[in-house]
Undergrad: 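Quick one: structure below, then a few questions.
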Amino acid sequence: MQKRHQLVLMAFMAIFICYMDTVAISVAIIPMVETYGWDMSTQGLVLSSFFVGYLLTQIVGGRLADRYGGCPPPAFNRQIGCIK
């Protein structure tokens, strides 16, 4: 497989994982609300904290890309994203 095809595949997988994270939290919030008895305010706080964390990692990734180039920051961002 050529390097450019590997790069396209890795970029696709990174974007796919990002969207799957978004879908997973949106689906998982329903049983979490039922299990823990959260009201709408707590539910909104949980969902917004996920998206604020997602936003902040994008900003940090952009700053790292400015400093180190375009390859290392997306890999770092996905590793951190999988931890949350």
Side-chain angles (χ1 to χ4, degrees):
M1 186 184 290
Q2 294 180 4
K3 292 282 186 184
R4 65 183 172 159
H5 294 128
Q6 289 177 350
L7 181 64
V8 168
L9 180 63
M10 289 189 310
F12 169 77
M13 291 304 295
I15 292 170
F16 180 76
I17 290 169
C18 287
Y19 282 110
M20 290 307 297
D21 284 345
T22 304
V23 169
I25 192 67
S26 298
V27 172
I29 195 74
I30 297 168
M32 290 166 62
V33 167
E34 293 172 359
T35 302
Y36 299 115
W38 292 340
D39 59 355
M40 290 298 286
S41 177
T42 306
Q43 181 180 351
L45 182 65
V46 169
L47 288 173
S48 65
S49 65
F50 175 81
F51 290 110
V52 166
Y54 187 77
L55 171 72
L56 293 177
T57 58
Q58 294 295 316
I59 293 170
V60 171
R63 299 288 286 190
L64 290 172
D66 285 344
R67 180 175 232 179
Y68 299 110
C71 195
F76 173 74
N77 191 12
R78 281 299 88 217
Q79 289 172 353
I80 296 299
C82 291
I83 294 172
K84 11 178 199 178

Undergrad: Show me the pairs that pass side chain to side chain donor-acceptor pair (under 3.5 Å) and involve residues 1-18, at least two apart or across chains.
TA: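 Listed once each, the pairs are Q2-R4.
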Undergrad: Apply side chain to side chain contact (heavy atoms under 4.5 Å, CB included) to L47 and list each qualifying residue two or more places apart in sequence or on a separate chain.
TA: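 Listed in chain order: I25, I29, Q43.
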Undergrad: Going by side chain to side chain contact (heavy atoms under 4.5 Å, CB included), name the residues that satisfy it together with E34, two or more places apart in sequence or in a different chain.
TA: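 Residues passing side chain to side chain contact (heavy atoms under 4.5 Å, CB included) with E34: I30.
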Undergrad: So which residues get pulled into M40's cluster when ILVMFWY side chains under 4.5 Å apart are joined, directly or through others?
TA: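 The other cluster members (ILVMFWY side chains, heavy atoms under 4.5 Å, direct or chained): none.
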Undergrad: Looking at CG of L56 and CZ of F51, how far apart are the two atoms once the value is rounded to the nearest 0.5 Å?
TA: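 Rounded to the nearest 0.5 Å, the CG-CZ separation comes to 13.5 Å.
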Undergrad: For V27, which fellow cluster members are found when Ile, Leu, Val, Met, Phe, Trp and Tyr are connected by side-chain heavy-atom distances below 4.5 angstrom, either directly or through intermediates?
TA: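 Listed partners: V23.
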Undergrad: Rounded to the nearest 0.5 Å, how far apart are CZ of F50 and OG1 of T22?
TA: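 One gets 5.0 Å once the value is rounded to the nearest 0.5 Å.
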Undergrad: Within a strict 4.5 Å, meaning less than it, do heavy atoms of the T42 and D39 side chains meet?
TA: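 Answer yes - side chains close enough.
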Undergrad: Among residues at least two apart in sequence or on other chains, which ones pass side chain to side chain contact (heavy atoms under 4.5 Å, CB included) with Y19?
TA: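 Partners of Y19 under the side chain to side chain contact (heavy atoms under 4.5 Å, CB included) test: I15.
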